[in-house]
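Step one of this worksheet: look at the structure below.
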Amino acid sequence: MDPENTLTINGNILPFSPGETILDVAREHDIDIPTLCHLKDATPTGECRICVVEVEGARSLLTACTAPAGNGMVVYTESHKVVESRKMLLKLLLASGNHNCAARGSDDRDWTRFQLDVHADDSSPELCPTWGDCRLQDLAYRYQVTGEQFPRTDVPYPMETVNPFIVRDFSRCIKCGRCIQACCDVQVNNAISFGYRGADAKVVAAGDRPLKDSDCVFCGECVQACPVAALVEKDVRYHVRPWETKKVRTTCSYCGVGCQLYLHVKDGRVVKVTGVEDVAPNYGSLCVKGRFGFNFIASPDRLTTPLIKENGEFREASWDEALDKVAENFTRIKNDHGPDAFGVLTSARISNEENYIAQKFTRAVLKTNSVDHCARL
Amino acid sequence: MAGLAAAFGSGAMTNTIADIEEAEVILITGSNTTENHPVISSFVKRAVKFRGARLILADPRRIKIAAFAHKWLRQNLGTDVAWINGMMHVIIKEDLHDKTFVEERTEGFEELKAMVEKFTPEYVEEITGIPAQDIVDAARMYASAEKASILYCMGITQHITGTDNVKSLANLAMLCGNMGIRGGGVNPLRGQNNVQGACDMGGLPNVYTAYQPVNNPDNVAKMEKAWGVTGMSDKVGLKVTDMIPKAHGGELKSLYIIGENPLVSDPDLNHAEASIKNLDFLVVQDIFMTETAQLADVVLPSACFAEKDGTFSNTERRVQQIRKAVEPPGEAWDDWKITCEIAKRMGYTMDYADSEAIFREITEVTPSYAGLSYDRIDVEGLHWPCPTPDHPGTPILHSTQFPKGKGTFHAIDFIPPAERADDDYPMYLTTGRVLYQYHTGTMTRKTDGLNERAPGSFVEISPQDADKFDIEDGATVTVASRRGEIQAQVQISDKAVTGTVFIPFHYAEAAANKLTNAALDPVSGIPEYKVCAVRVSKAA
């Protein structure tokens, strides 16, 4: 171990490379420092301050996401001072806006009254749409705090629901800025930024217009980055809870990038799509088609049974009947006109295995090489 | 792909997607990257915004990525060979080329040099409309980089000179030694999820898997042995663009179409429709009742990507898994199972337990996939060529030598597009996609939100042309070419370049491909979707 490049975290002497932050080193060694605003691969902002740590000799607590690791540093990630600081931050966050996850507490009002107020505020049912799937709630639980100590500050901005994909609920925003980094540093669509000042601060698009009238391209990177319920997919909100779904990893079926994504399945239907983080080629990013364009899967227009045309009209048929008819006609044409009478169009949409089978069939059974697909089109 | 195969011996993206962020200079041409490959466009935009990369864009339309470009060349439609030759003229004249690379890794330099001699910036300006100084600046910018990446898409290939265009880009990359290095390369962006895989798997009339030619007797013998058959053809088969005229002429009797919708995607649709109607027997296997399926004698329902296991190969040659998440609707089957059942009924057994069993057979007959297995690509896909089970895959092609040995420079002269604007059809039409829709729209048009964002076809026209033809924004116009006409709403937009209208091809009810020209690139067989002459008039 190079004695030039070590620091001590919670009593463990750990090596680091110059340029790494305390958070980087901790994560490499499975030491958990909580974060809210930190977004991997984007420039750390230190906005939320939940990742503060105590460093011996430092005048104040340092944000681990921005503080560079230094040789000989002695760091404590869960000291009394650190825990007290995090608790205070969480209490303040829980008191700002609608964090009605029960951890928020009920102030001096009774719980029913509180929930009714919340309902009136954002026309949502009683509990937060990401209840149970919220990083703020996780931390409130971990540090056992509620927002009761401080009076609730109301958020003056109404919910935005006027686009087909994303609901923006400013009352649940903790202003961590992850969505802005996702938009401007990761996707570089530069559609949103912080607007207004101080307590009135708000994430705005195009001079505070709805997303649909801005540069937003609805890639949903911001939704995936949002740690709370400020940004939620419209179709998912109040319909899908994470523990009701199973996630299946697969490859996107639109363009040739081959983005890795999770299909979230509930009751046998795909109800949501998210990007798989930390793996090539997309490292979590998706576009509007990949994230939101999945309704075709369960479309009522899907073909569900073989069809045979008779007198210009289709009628339903069994597989056996349809396949026999195809095989008979292919055989007839092959016998009467030879292999050159056939063409097979395989597909840039189906799997490698299926393409392989299609060309094998063309070559080994029909005995022609006239197989092609729409690569050129 | 034919262009890259001729230059290097292998046609595919030479570098990885992540590699784009390593480039010092990125040249994008014929790719509306932010709309057609949004996730790749982020790599480009990050390179420019955070890593100091310089971006050269050559595209007539004011597409979104133009806002990130340091140099934007707005060429006349169908003049790509000219501006690329012009850049090479400047690079050679100013002695900016990579002489070591040219000497050691390439052949044909003298012929190239002689050809580009006449492509002075001034001559190129006459042809392309790009100011001479911009050609010089772009050439110096590209040549100044240690590593420069070229990205292109259908705006390069969908021309009668598509193969020439691609060879020209390959010339440029080799001239500056940008091959086989991180952040370099010539990178075609594939527009469909598994177009790379369909090619790799031999879904082409001239090759088996891994591009093994069908007209080589050794290959035929090898495949006959592997498949346990005799009497396979050693003649190159028909391309899709040959099949349609043969159907029209009555020589082609039957088409088996799997997951394709040529009645929206083919050029000169009126002719294509007449051709397909002329078939004796048409089988269409698809997930929806497409425009093409409606003409079929038998329609076979198949499972979509979310309903089956298998692999796709992405644009950077990375072989990745797909996994079954939901059950297919009704009685729909996996495509491979349907084809196998037809084969069985024709007396040839194709019997597989699952897609993984097929994949194992693929690895036995496909040298570039030989080292792959489902286990190896479970977490992260691998790039072919991957010849052995312990091979790590090949993210960057051609790092020490080209498959054909030396890379070949092709001396290419400029040929104008097949159809020119004239008094009857005074405007040019170019076609493409929009962000919110995909190809023929059979998938994306099932999501209401996407339709809300991009509800229907439109004709994008410049404010100057709108003035000239007295057309208002939102008005319905008739766009006519020598082959057909459609009606659509006008969008006056500064994206459009004067003299050219743009129409997306997604919408069957106003199919841009009723207008497009079926003139083909003689090598690749790609139609000239990107240029034809049209007339725009107010709808009666």
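Lettering follows sequence order; numbering is per chain, from 1. Hydrogens, waters and symmetry mates are skipped; everything else that's a heavy atom, side chains included, is used.
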Does any heavy atom of chain B fall under 4.5 Å from the side chain of [X], the backbone, both, or neither of them?
X: Glu328(A); result: neither
X: Cys219(A); result: neither
X: Phe165(A); result: side chain
X: Val186(A); result: both
X: Arg269(A); result: backbone
X: Leu286(A); result: backbone
X: Val217(A); result: both
X: Val248(A); result: side chain
X: Asn189(A); result: both
X: Tyr283(A); result: side chain
X: Ile308(A); result: both
X: Pro339(A); result: neither
X: Val279(A); result: both
X: Lys247(A); result: neither

Point-to-point distance, once rounded to the nearest 0.5 Å, from [atom1] of [X] to [atom2] of [Y]:
X: Ile258(B); Y: Asn355(A); atom1: CD1; atom2: CG; answer: 8.0 Å
X: Ser370(A); Y: Lys239(B); atom1: OG; atom2: NZ; answer: 11.0 Å
X: Leu307(A); Y: Asp297(B); atom1: CG; atom2: CG; answer: 12.0 Å
X: Ile333(A); Y: Leu279(B); atom1: CD1; atom2: CG; answer: 8.5 Å
X: Gln192(B); Y: Ile350(A); atom1: CD; atom2: CD1; answer: 11.5 Å
X: Lys344(B); Y: Phe361(A); atom1: NZ; atom2: CZ; answer: 13.5 Å

Given side chains that start at C-beta, do those of [X] and [Y] come closer than 4.5 Å, heavy atoms only?
X: His337(A); Y: Ser254(B); answer: no
X: Ile338(B); Y: Trp319(A); answer: yes
X: Ser233(B); Y: Lys367(A); answer: no
X: Tyr256(B); Y: Val326(A); answer: no
X: Val299(B); Y: Phe314(A); answer: yes
X: Val270(A); Y: Val326(B); answer: yes
X: Ile358(B); Y: Tyr356(A); answer: yes
X: Thr444(B); Y: Tyr254(A); answer: yes

Under 3.5 Å: donor-acceptor pair, side chain of [X], backbone of [Y]:
X: Lys289(A); Y: Leu435(B); value: yes
X: Glu380(B); Y: Ala280(A); value: yes
X: Lys253(B); Y: Phe330(A); value: no

Any luck finding a side-chain donor-acceptor pair between Lys45(B) and Asn190(A) under 3.5 Å?
no

Donor-acceptor side-chain pairing of Asn193(B) and Thr251(A) below 3.5 angstrom:
no

Between the side chains of [Y] and [X], is the shortest nitrogen-to-carboxylate-oxygen separation below 4.0 Å, so that they form an ion pair?
X: Glu260(B); Y: Arg349(A); value: no
X: Arg345(B); Y: Asp320(A); value: yes
X: Lys235(B); Y: Asp340(A); value: yes
X: Glu307(B); Y: Arg302(A); value: yes

Please work out whether the ring planes of Phe296(A) and Phe305(B) are parallel, tilted or perpendicular, with thresholds of 30° and 60°.
parallel

Determine, step by step, whether Asp185(A) and Arg46(B) satisfy the salt bridge (charged side-chain N to carboxylate O under 4.0 Å, His left out) criterion, reporting the C-alpha distance in whole Å, the side-chain angles of both residues, the deciding distance to 0.1 Å, and the verdict.
CA-CA 7 Å; Asp185(A) 293 2; Arg46(B) 285 198 300 267; over 6 Å; no

Residue Asn513(B) versus chain A: region with a heavy atom under 4.5 Å
neither

Out of Met201(B), Lys308(B), Gln285(B), which one pairs with Glu354(A) under the side chain to side chain contact (heavy atoms under 4.5 Å, CB included) rule?
Lys308(B)

If you apply the rule side-chain hydrogen bond (donor to acceptor under 3.5 Å, both in side chains), what do you find for Glu331(B) with Thr304(A), and how did you get there?
CA-CA 5 Å; Glu331(B) 295 177 47; Thr304(A) 56; over 6 Å; no

Of all heavy-atom pairs linking Cys255(A) and Asn36(B), the shortest is CB-O, 3.7 Å

